[in-house]
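Notes for the one structure printed next.
Values below: all heavy atoms of this structure, side chains included; hydrogens, waters and symmetry mates excluded.
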Amino acid sequence: MRVTASGGAAGEQMCFTLLITGAGGGFCCSTQRCVTVPDCEPAGTVGDIDLDGVVGITDLMWVFGTWGSCPDCGSCPADLDGDCDVGISDFLLVIGNWD
């Protein structure tokens, strides 16, 4: 059996009602099954800040352009190491993954 569905955001619950037939082909019963939609987006390369698939000069410019403390830790794309500061370790992550 294959169930195909589309839609639903990652982490969202999607529920399906399955209709089960008996050996003679007639309706037997139904049951509901729910699944959590997985995050099917491929993980990006560390250092690809602009998400163009390449770690390069524009990513390095993001690091230099936002160097220093992040005003909001959750919205600082160039803070690759997650320490709320864009600095040398973020620079090294870009250089280390350069395409």
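Without hydrogens or angle criteria, D48 side chain to D52 main chain gives a donor-acceptor distance under 3.5 Å. Between the side chain of D79 and the backbone N or O of D83 there is at least one donor-acceptor pair closer than 3.5 Å. D85 places a side-chain N or O within 3.5 Å of a backbone atom of S69 that can act as its donor or acceptor partner.
Among pairs with a residue in residues 18-31, those fulfilling side-chain hydrogen bond (donor to acceptor under 3.5 Å, both in side chains) read T31-R33, at least two apart in sequence or across chains. Residue pairs meeting the ring pair (Phe, Tyr, Trp, His ring centres under 6.0 Å) criterion with at least one member in residues 56-99, sequence neighbours excluded: F64-F91.
L51 is not connected to V54 by any chain of hydrophobic side-chain contacts under 4.5 Å among Ile, Leu, Val, Met, Phe, Trp and Tyr, and they are in different clusters. Side-chain heavy atoms closer than 4.5 Å link hydrophobic residues (I, L, V, M, F, W, Y) into clusters, and following such links, possibly through other members, connects V86 to L93. L92 and I57 fall within a single hydrophobic cluster, where Ile, Leu, Val, Met, Phe, Trp and Tyr side chains are chained together by heavy-atom contacts under 4.5 Å.
Rounding to the nearest 0.5 Å places CG of D59 at 10.0 Å from CG of N97.
Closest of all the heavy-atom pairs between I49 and V63 is CD1-CG2, 3.8 Å. Residues C28 and G22 approach most closely at CB-N, 3.7 Å, considering heavy atoms. Taking both residues in full, the closest heavy atoms of Q32 and T17 are given as NE2-OG1, 4.2 Å, listed atom of the first, atom of the second, then distance.
In this model, C70 has its SG atom no nearer than 2.5 Å to the SG atom of C84.
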Please test T58 against D50 for side chain to side chain donor-acceptor pair (under 3.5 Å), starting from the C-alpha separation and ending with a verdict.
-> CA-CA 7 Å; T58 55; D50 62 0; 2.4 Å; yes

